[in-house]
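Atoms within each ligand, like the ligands themselves, are counted from 1 in listed order. By convention here, the first residue in the shown sequence is residue 1.
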Amino acid sequence: MLVIGLVASVIGVLICLQIDWFPTQGSAQAEEIDTLYDVLLIVSVPIFVLVMTIAIYSVIAFRAKPGERGDGAHIHGNTKLEIVWVTIPFIIVSALAAYGWIVLDDIEAAKADELVVSVTGEQFAWSFDYPAENVKSNELVLPVDRPVHFEIHAKDVLHSFWVPAFRMKQDAVPGIDTQTRVTPNREGTFEVVCAELCGIGHSTMRQQVRVVPDSEWEAWVEERREGGAAPEEGESPLAAGREIFTSAGCDACHTLDDADATAQVGPDLNQLAAVAEKRVKPKNAEEYVRESIVDPPAFVVEGYSGDTMPGNFDDQLTPEEIDTLVQYLLGLSQTESGK
Ligand code: CUA
């Protein structure tokens, strides 16, 4: 039994360590957390194997012989065994708890030169506020290798702010300020996910975080502060509009073929021209679309609720960006209706 258990444990541990459990390591914290998981696996697998080996062995070795009718032996405990099976797990669990505590304490410690980012979750989008830089954005952009202190809030219901590549996850709770710390150490684009069932659009509450070199981040901050986001040289208004549509998270709730958006929380924007026809005149179509972005409850499309769409897009987007977005959406639906 011992030999079988030992061999099975070694095989089990080897298989577990071969499996690629984790996404890209995108933060300094990721390595520590992945090592913690590996240690948990190495400790848990032999315990599982030991319990199963004893259980299976007992079922086979102590089964009733053919014709055996009597009761089994009456056994009233075994003090030595009980001391062993209480003490060993107690030591293992305490050691693991202490190890987990040390890792968490290290990860959550305040770092020098932290960048503070205030994260707000609401049905169904994340928005980001950089108080020291005086910048608000629907896109999360972070400089590589600088510690970030996220202050997390929720406007309506529970959400959970999670960047799998960073490993850290924290609930966003209405009325409570939560926080987490992370040091992104890999440039690239990673997913921001909501990990708490928060309503019909929960699965679409996904945005992106861009981790960029420090100089690029500073340029981005400067551009946001100046209300920039003017289409780049040579960029078509169509591409600029599409980019704002996606980075502002519109695609989390709306369908729009041009942007590969298929969500159905809000009205289908392929039909925008037809809907805009029903607006209260004499407002023109452009004024109507702008109003729908900055003040969603002003005109509610039949079959939808007026309080689902966040009302803070005039905070999150610059006037130029809203212009670009309006032209983009109307331009698309005009080409479509002209077909
Ligand atoms: Cu927000 Cu799920």
- Message: Strictly below 4.0 Å, N to O, side chains only: are E133 and R225 in salt-bridge contact?
- Response: no
- Message: So if I apply the side chain to side chain contact (heavy atoms under 4.5 Å, CB included) rule between V289 and each of I322, L269, N284, V326, which one comes out positive?
- Response: V326
- Message: Would the distance check show the side chain of D268 and the main-chain N or O of N270 forming a donor-acceptor pair, the cut-off being under 3.5 Å?
- Response: yes
- Sort by chain and number the protein N/O/S atoms found under 2.8 Å from atom 2 (Cu) of ligand 1. C194 SG, E196 O, C198 SG, H202 ND1
- Message: Whether D323 and R290 form a salt bridge (side-chain N of Lys/Arg under 4.0 Å from carboxylate O of Asp/Glu) is what I want to check.
- Response: yes
- Item | Carboxylate-amine/guanidinium contact R224 E321, below 4.0 Å | yes
- Task: Run through the side-chain heavy atoms of Ile, Leu, Val, Met, Phe, Trp and Tyr, join any pair under 4.5 Å, and report what else lands in V193's cluster.
- Result: W162
